[in-house]
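Here is how names work: the chains are called A, B, and so on, in the same order as the sequence lines, proteins then strands, and each is numbered from 1. Nothing here was measured: the structure is a model prediction, and the numbers come from that model.
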Number of protein chains: 2
Amino acid sequence: METQTTLSEDIDQFTPHRPADHNECTGMILPVRDALDILSGKWKLPIIIALSFGTKRFGQIAKEIPNITDKMLSKELRELEMNDLVKRTVHDSYPVVIDYSMTPYGQSLEKVINELRLWGTQHRKRILSKE
Amino acid sequence: METQTTLSEDIDQFTPHRPADHNECTGMILPVRDALDILSGKWKLPIIIALSFGTKRFGQIAKEIPNITDKMLSKELRELEMNDLVKRTVHDSYPVVIDYSMTPYGQSLEKVINELRLWGTQHRKRILSKE
DNA sequence: CAGAATCCCTCAAGATACTG
DNA sequence: CAGTATCTTGAGGGATTCTG
């Protein structure tokens, strides 16, 4: 390295600009965002977790998730059903009984949720110990 | 269980109401939400992924993330720095050079992101094959 | 280059009330 | 019980301009 000529050269050696990064980046970002779209929002995770403990009815889910409104629960359940994560079953009885359960596909989220929980638990400890 | 008396009893046998569920639920939900709060939003993941490929400067991150504005990049970097996921370094040179890198703590997100990516990739295939 | 400041707007989500 | 139908708000995010 002789004398410093331009800034960019100097910097580039420190943070080389690899065009490959951009491709790898976008290749990772899209699926991660897909996954996050499914899980994000205020209520989807609570609902998924509640149903991971077993089949439940509308009112029962509502009871287990503090502060959720009927509207939100209804809307989120519909979206989860559309994504094939949750199954809505209408039992042919009188009166009609409706319940919700996780589909096998929904259960495939288990590992993801578990990693989130593990990291979140660590993070929580870290935050609380600092303040 | 003799004859069917009330609906709720019948249903309860099918979907027993275990108060324990509620406790286990909230115990899981809080950390998962903590983790999601860190990762959600439109730009945090792209930034984290970009930096996971190495130390980068502001302008370079901006180039690798399509459509992000300076304001958003600046704001998100600040939040990530506050959460100790990203380190901002001011190099004492002339002109001053600033770069961003992942902290060890930020790198601890790797497993979480990888699970999200794996699931998201599967999900993407599934969606595309259906429509 | 690396942001800060300002203005604006959309949309997720809450409150409330109603229904088969 | 299992939802719908409206109305309203607040925060996330965009566009643009300015600066050390």
Give the rounded distance in Å between these two atoms: [atom1] of [X] and [atom2] of [N].
{"X": "B/E76", "N": "D/dG13", "atom1": "CD", "atom2": "C1'", "result": "9 Å"}
{"X": "B/D99", "N": "C/dC1", "atom1": "CG", "atom2": "C1'", "result": "13 Å"}
{"X": "B/F58", "N": "C/dA4", "atom1": "CZ", "atom2": "C1'", "result": "10 Å"}
{"X": "B/W43", "N": "D/dG13", "atom1": "CH2", "atom2": "P", "result": "9 Å"}
{"X": "B/Q60", "N": "C/dC1", "atom1": "CD", "atom2": "P", "result": "12 Å"}
{"X": "B/E79", "N": "D/dG13", "atom1": "CD", "atom2": "C1'", "result": "12 Å"}
{"X": "A/L77", "N": "D/dG3", "atom1": "CG", "atom2": "P", "result": "7 Å"}
{"X": "A/K75", "N": "C/dC11", "atom1": "NZ", "atom2": "P", "result": "12 Å"}

Does [X] make a side-chain N or O approach to OP1 or OP2 of [N] shorter than 4.0 Å?
{"X": "B/R57", "N": "C/dC1", "result": "no"}
{"X": "B/R78", "N": "C/dA4", "result": "yes"}
{"X": "B/S74", "N": "C/dA4", "result": "yes"}
{"X": "A/Y100", "N": "D/dG3", "result": "yes"}

Q: Select one nucleotide: of D/dG14, C/dA2, D/dA2, the one nearest the side-chain heavy atoms of B/M72.
A: D/dG14
Q | Flag if over 12 foreign heavy atoms under 6.0 Å of CD, B/E110 | A | no
Q: Have a look at A/K42 and say if it touches a base, only the backbone sugar-phosphate, or nothing, with a 4.0 Å heavy-atom cut-off.
A: sugar-phosphate
Looking only at atom types and distance, does a side-chain atom of [X] sit under 3.5 Å from a main-chain N or O of [Y], one as donor and one as acceptor?
{"X": "A/R117", "Y": "B/G27", "result": "no"}
{"X": "B/T103", "Y": "B/D84", "result": "yes"}
{"X": "B/R88", "Y": "B/R78", "result": "no"}

Q. On DNA chain C, nearest-nucleotide positions of B/I98 versus A/D70: which is more 5'?
A. B/I98
Q | Close side-chain approach of A/N114 and B/E115, heavy atoms under 4.5 Å | A | no
(Q) Using only modelled atom types and a 3.5 angstrom limit, is any donor from either the side chain of A/K71 or the base of C/dG14 paired with an acceptor on the other? (A) yes
